Amino acid sequence: MRQKIVAGNWKMNNTLDEGLKLTSEIVNMVSDEVNTDVKVILAPPFVYLTQVKGLIKDADKISLSAQNCNDNESGAYTGEVAASMLASIGTEYVILGHSERREYFEETNEQLAKKIDLALKNNLKPIFCCGESLEVRENGLFKEFVSNQIEESLFHLGEDELKKVVIAYEPIWAIGTGKTASTEQAQEMHASIRELLAERYGAEIAEEISILYGGSCKPGNAPELFACKDVDGGLIGGASLKSRDFVDIIKSF
Ligand code: 13P
């Protein structure tokens, strides 16, 4: 059985007080209302990781994620954060390759392969993001585009390493736009990703990897997206900043 996951990516939002209030609300609501076997992940900005960790430490369904790490082990990289630092404060997951990082910080597939290795070396589970722009969607080569992202950043991994990776398919044209992929579009891409994994690692391993959908996922559309055979949950941006919406998404399974 694949792990069902709903992860909230706060991006660069919330002051400390707002973030802790949001976390406490989510902890309480998840404890009162969620009785399914789902992993909830909170990805606040680096500066709040330790404090958010403090609030979720007794919530067995909730884990902590960072939104990025550097592709070097340590050293003179002012302003950057290493995978080993994240691990040392009890972070469990790290989002890597988000389209905003690829676009605004020019992260490449090759650089992401290095980040993936460092995350795994430090026992962090990567949430690896992939997804195409509107231009690529419209030219019809979106499956090839996403396959290439996955092959170049993940396919050097051995089976045991790959099993620790969560994949998030986030079509860029659906992020923060209010435009969601249809269930057909989401299922088609998720199935294609699973098939790609099966070709490289075998069907059994491909069946174990959680593939999340991200892109304007809301309480209103989460039930039908999560009902798709190959959609194992969501990576949520905007709606993860409101406790009610986020928990309603979690309850969509
Ligand atoms: P939205 O849910 O705001 O579209 O963001 C999706 C996303 O980028 C999550 O990482």
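Here the structure is a predicted model, which is why all the values come from computation and not from measurement. We count ligands from 1, going down the list as the structure has it; atoms in each ligand are counted the same way.
The aromatic rings of Tyr169 and His190 lie perpendicular to each other, with more than 60° between the two planes, well past the 30° mark.
For the pair Asn14 and Pro44, the minimum side-chain heavy-atom distance is 4.5 Å or more. Taking 4.5 Å as the limit, every side-chain heavy atom of Ile236 sits out of range of all side-chain heavy atoms of Asp245. Between His156 and Asp117, some side-chain heavy-atom pair lies under the 4.5 Å cut-off.
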Polar pairs, ligand 1 vs protein, N/O only, below 3.5 Å.
unit_1	atom_1	unit_2	atom_2	d
ligand 1	2 (O)	Gly237	N	2.9
ligand 1	3 (O)	Gly238	N	2.8
ligand 1	4 (O)	Gly176	N	2.6
ligand 1	4 (O)	Ser216	N	2.7
ligand 1	5 (O)	Lys11	NZ	3.4
ligand 1	8 (O)	Lys11	NZ	2.8
ligand 1	8 (O)	His98	NE2	2.8
ligand 1	8 (O)	Glu170	OE1	3.4
ligand 1	10 (O)	Asn9	ND2	3.1
ligand 1	10 (O)	His98	NE2	2.9
ligand 1	10 (O)	Glu170	OE1	3.2
ligand 1	10 (O)	Glu170	OE2	2.9

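Remark: Asp232 does not engage Lys39 in a salt bridge, criterion side-chain N to carboxylate O under 4.0 Å. Ion pairing between Glu151 and Arg200 fails under the 4.0 Å rule for side-chain N and carboxylate O.
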